Amino acid sequence: MSNKSFYINQPDFILPGNTTVSILKEKDALGFHRSLEEYQPTPLIPLPDLAQQLGVGMVYVKDESKRFGLNAFKGLGASFAIHQIIQENPQVEVFCTATDGNHGKAVAWAAKKFGKKSVVFVPSDTTLNRIKAIEKEGATVIQLNKNYDDTCAHAEEASKLNNWELVQDTAWEGYETIPALIMAGYLTHFREMENEVHTLGLPEVDVVFLQVGVGSWAGAAAFYYMQRYGSQSPLLVTVEPEGSSGLLDSFKKQERTIPENPAHTIMAGLSCGIPSISGWSLLKNAVSIAVSIPDERATEAMRLLYHPKGKDQRVISGESGAAGFAGLLAILQDSRFEPVKKHLRLGPQSRILVFNTEGDTDQERFKRIIS
Ligand SMILES: Cc1ncc(COP(=O)(O)O)c(C=O)c1O
């Protein structure tokens, strides 16, 4: 069932047999990340008072704003992929990528860490603050008068011409290995939660909200839950901005497609084009619900997380970081999502996991939104 803002899928929970899945099965990124001096598991924060106000059993937030001092989760993927590339080919001198923010910062940080250079291309709508944040990590940043997909194509061309190593966080036919290494890096925070869930004696969760740009991160989550739980997986819900809903549109068409009604969104990290081929191969088999939300839901979610209820802890969450939680708000509060709420059986017994995938990565805008 679908309408403009959601699609209800019937996942079969079958892991596809492709290069990406082989790499995800084989690689141990957690072991690598633990060897880094900056490494610390990020916190898993329960918000019982907020959950009570929303009429659900519990909301847990895995807070990736605390990752490696980078204010976003993306360092997990870039560091692992760059490490693996250098192991294979220590001669690589320059890493290149296209990004709308956090991935570029992560590539710059990881390249610098291994004594290498980086060149980062950004699309026309990337804000100056985000560009400065990437430059601060030592990258040469070049803004193009192009959208995200065309910026990716440009980065690929430039890498071929200049003999740079392209570290792109989205996959297309013939370019799957490096995106899979990035996805393998993302698995670290799911593995961390296994330990945390056990050591804190916390219960497992029923519904997991995953915000989607190109779908590499959510694809890694899909792999994790399918491999670990099979058909007993928690229900997975993907969340995209209304102005960039390539995954939702792909579900509706039942094939990978560019967003049908692209429009500007403040959720910069989620403002992408066609979903990753590897992300799509996993998500279509694992996701129960795909939704798209307006920007106002993201700002509402940021404010709710910043101004906690009762004894709950404050969470600093940026526009894309809050998008998963914003999806939960939309489903609970907007009657258009009634069939989705029913399908997910959201109620006082539901234990919900969301990820704060970035903190205040654009601090000026963050201050305006939460005040
Ligand atoms: C903060 C944040 N959250 C989520 C995502 C989505 O990740 P993906 O593009 O792999 O779907 C991004 C992507 O850049 C991001 O920056």
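Numbering of ligands and ligand atoms starts at 1, following listing order. Everything numeric here is computed off the predicted structure, so don't read it as measured data.
One finds no salt bridge joining Glu93 and Lys117 here, because no Lys/Arg side-chain nitrogen approaches an Asp/Glu carboxylate oxygen to under 4.0 Å. Using a 4.0 Å cut-off between charged nitrogen and carboxylate oxygen, Glu38 and Arg67 do not count as a salt-bridge pair. Ionic pairing of Lys132 and Glu135 is not present here: no N-O contact between side-chain nitrogen and carboxylate oxygen is shorter than 4.0 angstrom. Salt bridge absent: Asp360 and Lys367 never bring a charged side-chain N and a carboxylate O closer than 4.0 Å. Under the 4.0 Å criterion applied to side-chain N and carboxylate O atoms, Glu358 and Lys74 are not assigned as salt-bridge partners. One finds a salt bridge joining Lys66 and Asp63 here, because a Lys/Arg side-chain nitrogen approaches an Asp/Glu carboxylate oxygen to under 4.0 Å.
At a 4.0 Å heavy-atom cut-off, the residues surrounding ligand 1 are Phe73, Lys74, Asn102, Gln211, Val212, Gly213, Val214, Gly215, Ser216, Trp217, Gly269, Leu270, Ser320, Thr357, Glu358, listed by chain and number.
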